[in-house]
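Atoms within a ligand are numbered from 1 in the order they appear, just like the ligands themselves.
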Amino acid sequence: MKHLIDPTDLSKAETDEIVALAEDIIAHREKYQDLCAHRKLATLFYEPSTRTRLSFTSAMMELGGNVLGFSDARNSSVSKGETVQDTVRVVGCFADVIAMRHYIEGAPLAASLVSPVPIINAGDGSHSHPTQTLTDLLTIKRELGSIDGITIGFCGDLRFGRTVHSLIKALARYEDIKVVLIAPDELRLPDYIKQDVCEKMGVSYREVRTIEEVMPELDVLYMTRVQKERFLDEDEFDRVKDSFVLDSARMALAKEHMAVLHPLPRVNEILQEVDADPRAAYFRQVENGKFVRMALISKLLEWKDDPSHGMPERPLAQSAGRCSNPKCICNCENVEPRFRRTDEGMVRCAYCDAKISAN
Ligand code: NCD
């Protein structure tokens with residue numbers, strides 16, 4: 001069964017198939033209006049969300065399906081101590097596909113290991129957000145005509161910004177991608193993305209200090225919010241919260257056909273004066289999110305019983321050590337530890353990608 005936990009759970013061909021289907025849905029909405037009639041999507045959101053949850057809901061409604069679920073885990077059996085794995089075993093009896101957002105990293109992977117129906121990761125902690133990635137890929141394709149060959153600047157919170165991590169993983173499989181990282185020291189991209197993704201896949205990347213110095217080179221500027229809720233230290237957040245601001249003066253330095261993306265919500269990192277610029281693509285990006293989720297839901301239902309659309313292996317590993325991330329599901333609930341070995345021989349947690357420390 002195909003789940004979507006990490007962007008690389010989809011092959012490049014499957015990713016392109018979903019993006020192409022989303023484009024066909026945009027062109028021929030009426031063709032798809034009953035595709036998921038009598039099917040149900042459950043949205044299990046353990047963390048606040050506006051656009052992602054409503055985007056899933058409206059996607060399923062546009063396919064003629066129904067939606068159930070919760071948007072506040074305090075109203076579910078979680079408040080009685082139910083584990084994620086038990087919850088999906090139960091909800092899998094009521095729904096054909098489940099979209100889960102969780103503040104605990106790796107929770108959707110743990111869910112997928114026992115779920116009778118496909119699980120879609122709608123964001124897990126600061127780890128991963130693969131449906132935003134599909135949204136971003138579709139947006140880049142529609143704004144620029146192609147994904148190959150782009151230079152993309154990621155600006156803001158590259159440390160906790162899960163949308164950034166997932167998008168870099170997905171872009172690494174396209175041709176000739178150049179990545180520029182624009183972040184203060186405290187918010188730099190995690191090493192595992194630099195090493196296991198950029199260096200391994202041959203994606204050229206460099207780190208710079210200001211938006212201005214790279215603006216003229218960029219085809220895409222991907223702005224992000226500083227993720228206040230992920231900071232353990234409030235002083236550290238205060239030091240970095242106003243690091244980068246995109247305004248009209250900076251936009252004047254950019255290419256005529258550059259696209260500004262932002263997963264939203266924005267706080268203060270893009271001034272409202274930029275919204276009227278035709279290169280500001282972030283509200284179009286929101287709408288693309290609905291279409292790509294329609295495509296994803298229908299493909300996961302189509303592929304459910306097709307053995308040629310399986311999942312990569314995440315083998316059980318005994319005695320490899322312990323995951324060092326206190327926010328990982330394997331340190332929060334009783335799930336079997338799983339690890340993966342990188343090409344360089346390093347061992348990482350399969351749930352959250354953190355380093356494994358010796359027992
Ligand atoms: C993002 C998220 O939840 O990670 N939002 C979204 O899904 N559109 C980005 C964010 O919260 O900053």
Side-chain angles (χ1 to χ4, degrees), residues 4-7 22 41 43-59 69 71-73 99-109 119-140 152-170 182-184 186-187 189-190 193 220-231 237 240-246 259-270 275 280-294 296-297 327 352-353:
L4 177 58
I5 307 302
D6 182 271
L41 164 76
T43 56
L44 309 185
F45 276 59
Y46 297 78
E47 196 186 52
S49 164
T50 310
R51 80 217 78 242
T52 304
R53 189 172 56 81
L54 295 184
S55 172
F56 269 112
T57 302
S58 83
S71 57
D72 184 346
M100 174 186 286
R101 167 168 291 195
H102 213 298
Y103 53 90
I104 297 178
E105 298 177 10
L109 174 59
I119 298 284
I120 302 171
N121 177 4
D124 62 326
S126 50
H127 181 227
S128 206
H129 195 346
T131 65
Q132 182 64 45
T133 297
L134 293 172
T135 305
D136 301 339
L137 294 175
L138 174 63
T139 305
I140 295 170
I152 177 167
F154 288 95
C155 179
D157 189 346
L158 313 189
R159 176 176 167 202
F160 296 120
R162 56 192 174 194
T163 65
V164 173
H165 307 161
S166 290
L167 182 53
I168 294 178
K169 280 189 185 174
I182 314 160
E186 295 88 337
L187 300 181
L189 191 71
I193 306 273
V220 176
L221 174 60
Y222 195 97
M223 295 295 297
T224 61
R225 155 183 89 87
V226 179
Q227 307 272 303
K228 183 174 187 195
E229 67 277 26
R230 314 263 181 234
F231 281 78
F237 170 72
V240 293
K241 68 178 198 281
D242 302 318
S243 295
F244 296 102
V245 176
L246 183 62
V260 183
L261 271 63
H262 190 310
L264 302 180
R266 76 170 142 189
V267 185
N268 56 353
E269 59 281 352
I270 303 181
D275 297 357
Y282 30 92
F283 292 115
R284 296 191 286 278
Q285 189 181 355
V286 176
E287 200 181 11
N288 289 332
K290 178 183 71 181
F291 296 123
V292 100
R293 289 181 176 98
M294 290 172 75
L296 173 68
I297 292 167
K327 291 189 241 151
C352 73
D353 286 301

Flag for [Y]-[X]: side-chain donor and acceptor within less than 3.5 Å:
{"X": "E269", "Y": "T224", "answer": "no"}
{"X": "H262", "Y": "R225", "answer": "no"}
{"X": "S55", "Y": "R293", "answer": "yes"}

Checklist entry - With R162, which residues qualify under salt bridge (Lys or Arg N to Asp or Glu O under 4.0 Å), at least two apart? => result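 R162 satisfies salt bridge (Lys or Arg N to Asp or Glu O under 4.0 Å) with E47 only.
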Next on the checklist: Below 30° counts as parallel, above 60° as perpendicular, anything between as tilted: where do the rings of F160 and F231 land?
Outcome noted: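 Rings of F160 and F231: perpendicular, as their planes differ by over 60°.
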Next on the checklist: I'd like the contact residues of ligand 1, where contact means a heavy atom below 4.0 Å.
Outcome noted: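 Around ligand 1, where the cutoff is 4.0 Å for heavy atoms, the contacting residues are R51, T52, R101, H129, Q132, R162, T163, R225, Q227, P263, L264, P265.
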Checklist entry - Heavy-atom distance under 4.5 Å between the side chains of M223 and L221, does that happen here? => result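 A side-chain contact exists here, since the closest heavy-atom pair is under 4.5 Å.
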